[in-house]
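Here the structure is laid out as structure tokens; the discussion comes afterwards.
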Amino acid sequence: MTDSFFSTTDLNRIVVGQLVADTLHGMDDGELYLEYTQSEALTFDDGRLRAAASDITQGFGLRAVYDEATVYAHSTTLTADALARAAATVKAVKTGKGGVVAQGPQRSNQVLYGDDNPISGSSFEEKLKLLQDIDSFARAADPSVAQVTASIAGEWQMIEIIRGDGQILRDVRPLVRLNVSIVTAKGDRRESGYTGRGGRRGYDEFFEPETWQAMVKEALRQAEVNQESVAAPAGEMPVVLGPGWPGVLLHEAVGHGLEGDFNRKETSAFSGMVGERVAAPGVTVVDDGTIAKRRGSLSMDDEGTPTQRNVLIEDGILKGYMQDRLNARLMGVAPTGNGRRESFAHSPMPRMTNTFMLAGQDDPEDILARTKTGIYAKNFGGGQVDITSGKFVFSCTEAYKIEDGKLGAPIKGATLIGDGPEVLKHVSAIGNDLELDTGIGVCGKGGQSVPAGVGQPTLLVDKLTVGGTAA
């Protein structure tokens, strides 16, 4: 990694280090967070380039923590004057504080992704041609295609964390994503299909025809399935959740409730339940930020703590929560590498990385066969969750009736309604087919968005409320 923060600005590393140490003296914790980000996005829609954006952002955030209070100052100007003003702001509100700054994160040599810049690794013309090829291939593959939207996006982020004790931690983070959305028209009916792929790597995989052609075919398959869909049934019934992306339900309805801040404040449905049974036997939920090149992975979190594999629920028993440094200190436990922030303009909070349920022993075909009636949910769209109660509503973008243990007609307009803790208790079969999502997840919390991963095996939930559209 280059020394760009100090070689391309008027900042002096020694002077900045002294300023951080002076600002954080007497505080319990804190850091200076420096960030430089290049990003780009191209969208090809309806046979033409509709949007192309390229951006560079940089800035710093200076944080001081005392007890459970946080003082945060940030700026997009990386100058000594801006940093001095931020330090003065922080020191103005810490009068009378007498803490001892916490020991810094333990260093780690783990490297989960390369530091090559995906944006500069290929030309604008190459990316545009890829989107044009996707459009042409989709239209040639099916005469019912009425609209094709393809987009590619990349990011290259460099961060540096300077702590009051002089500790310096650095990371360089690539992030890419390719999306394909297709609308088909048959008579008066128009239906859509979507697929996406991404991760912490370069664009190279996207330029391989077998990759983007497979994505086009998957979007076409989904649109074709939706063309044949019928109104969804309604009521309480067994639900089989497919592997992979349906883990987003686990992420939203359960994962957020296992974050440290909600549990310290006792506003989670899982508060005070460590060591107790919160799920059916066999249910093991993990948050793992160490999976190489995954969208939600980080070599270290945004406080400098190395990410790790955290077992949250093991065989149905709650083992612990995801922690940043502040909440870990107040709860008397160790940080887990889950302190994350959207950018330098945001203070970190406990967030998920890649959250998924481990595989079980059941054959997915056997799970379906034992379900005489219900629905099979393969893909999800948006949803809403109440963290305090765990109650959720999720819409299905691809789902099927289950009739006598077999997949029946595809259905449209199905929503799943329930609460996370209760769903975990009604899991009666866990498939041996764990899949992670394809690298498209975005997690929102407290007004901040960060990339995240999800996953699960095929699951049978004995009873779940389905909101449908059938008369």
Side-chain angles (χ1 to χ4, degrees), residues 1-38 57-65 70-87 90-91 99-117 156-174 200 289-290 297-308 324-326 328-329 334-348:
M1 176 176 172
T2 66
D3 198 32
S4 65
F5 290 115
F6 297 93
S7 62
T8 62
T9 69
D10 70 346
L11 297 178
N12 178 282
R13 186 179 292 279
I14 295 176
V15 173
V16 169
Q18 291 173 339
L19 181 145
V20 173
D22 178 59
T23 303
L24 298 183
H25 179 71
M27 305 302 288
D28 288 329
D29 207 353
E31 74 284 309
L32 173 67
Y33 179 91
L34 297 157
E35 177 191 309
Y36 172 89
T37 301
Q38 286 182 260
T57 59
Q58 64 178 8
F60 70 83
L62 181 60
R63 180 178 68 143
V65 179
T70 296
V71 183
Y72 199 75
H74 63 88
S75 174
T76 58
T77 306
L78 280 173
T79 65
D81 287 345
L83 192 54
R85 288 194 297 271
V90 171
K91 287 192 285 187
V100 177
V101 68
Q103 183 177 355
Q106 183 176 356
R107 289 187 177 274
S108 169
N109 293 323
Q110 69 178 356
V111 178
L112 305 176
Y113 30 79
D115 60 4
D116 292 338
N117 189 335
W156 187 81
Q157 183 184 76
M158 178 171 62
I159 71 163
E160 182 163 328
I161 296 171
I162 302 176
R163 293 186 48 79
D165 58 5
Q167 185 182 35
I168 299 174
L169 304 124
R170 305 184 183 95
D171 197 16
V172 177
R173 301 167 174 175
R200 294 199 178 276
T290 69
S297 294
L298 296 168
S299 296
M300 67 179 191
D301 71 7
D302 294 324
E303 298 178 301
T305 304
T307 55
Q308 61 189 42
D324 63 349
R325 289 176 59 86
L326 184 154
R329 173 174 54 82
T336 60
N338 291 92
R340 305 189 64 186
R341 64 182 100 198
E342 180 177 319
S343 75
F344 64 87
H346 303 84
S347 186

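With values rounded to the nearest 0.5 angstrom, Leu24 atom CG is found 11.0 Å from Ile162 atom CD1. Between the CE atom of Met300 and the CD atom of Gln106 there is a distance of 14.5 Å, given to the nearest 0.5 Å. Note that CE of Met27 and NZ of Lys91 are 12.0 Å apart. Values are rounded to the nearest 0.5 Å. Atom-to-atom distance recorded for His74:NE2 and Leu32:CG is 13.5 Å, nearest 0.5 angstrom. Interatomic distance, OG1 of Thr70 versus CG of Leu326, reported as 5.0 Å (0.5 Å rounding). Atom CZ of Phe344 sits about 8.5 Å away from atom OH of Tyr72, to the nearest 0.5 Å.
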Could you give the side-chain donor-acceptor pairs of residues 75-82 under 3.5 Å, partners two or more places apart or in another chain?
| unit_1 | atom_1 | unit_2 | atom_2 | d |
| --- | --- | --- | --- | --- |
| Ser75 | OG | Thr77 | N | 3.0 |
| Thr79 | OG1 | Ala82 | N | 3.1 |

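Taking Arg325 as the reference, Asp29 meet the salt bridge (Lys or Arg N to Asp or Glu O under 4.0 Å) condition, with sequence neighbours excluded. In this structure, the side chain to side chain contact (heavy atoms under 4.5 Å, CB included) partners of Glu342, at least two apart in sequence or on a different chain, are His346, Gln448, Ser449. Not counting sequence neighbours, the partners of Arg341 by the salt bridge (Lys or Arg N to Asp or Glu O under 4.0 Å) test are Glu31. Contacts of Asp324 classified as side-chain hydrogen bond (donor to acceptor under 3.5 Å, both in side chains), with partners at least two apart in sequence or in another chain: Asn327. Under the rule for a side-chain hydrogen bond (donor to acceptor under 3.5 Å, both in side chains), the partners of Asn117 that lie at least two apart in sequence or sit in another chain are Gln38. Residues satisfying the salt bridge (Lys or Arg N to Asp or Glu O under 4.0 Å) criterion with Arg173, sequence neighbours excluded, are Asp171, Asp302. A search for side chain to side chain contact (heavy atoms under 4.5 Å, CB included) contacts involving Thr37 returns Glu35, Thr57, Glu155, Gln157, not counting sequence neighbours. Under the rule for a side chain to side chain contact (heavy atoms under 4.5 Å, CB included), Asp116 has no partner lying at least two apart in sequence or in another chain. The side chain to side chain contact (heavy atoms under 4.5 Å, CB included) check on Gln18 picks up Ile14, with sequence neighbours excluded. Considering only residues two or more places apart in sequence or on other chains, Gln110 meets the side-chain hydrogen bond (donor to acceptor under 3.5 Å, both in side chains) condition with Thr307.
Nearest approach of Arg107 to Pro306, heavy atoms of both residues: C-CG, 4.4 Å. Closest approach of Thr336 and Gln308 over heavy atoms only: O-CG, 3.3 Å. Across all non-hydrogen atoms, the minimal contact from Leu112 to Gly289 is CD1-O, 3.2 Å. In this structure, Ala21 and Gly164 approach most closely via the heavy-atom pair CB-O, 3.3 Å.
Distance alone, capped at 3.5 Å, is enough to place a donor-acceptor pair between the Arg200 side chain and the Ser297 backbone. Of the possible polar contacts, none joining the Thr305 side chain to the Asp301 backbone as a donor-acceptor pair under 3.5 Å is found. Side-chain atoms of Gln167 come within 3.5 Å of backbone atoms of Pro105 as a donor-acceptor pair (strictly under, hydrogens ignored). Remark: the backbone N or O of Asp115 is paired with a side-chain donor or acceptor of Trp156 at under 3.5 angstrom. Proximity of a side-chain donor or acceptor of Tyr113 to a complementary backbone N or O of Ser299 within less than 3.5 Å is detected.
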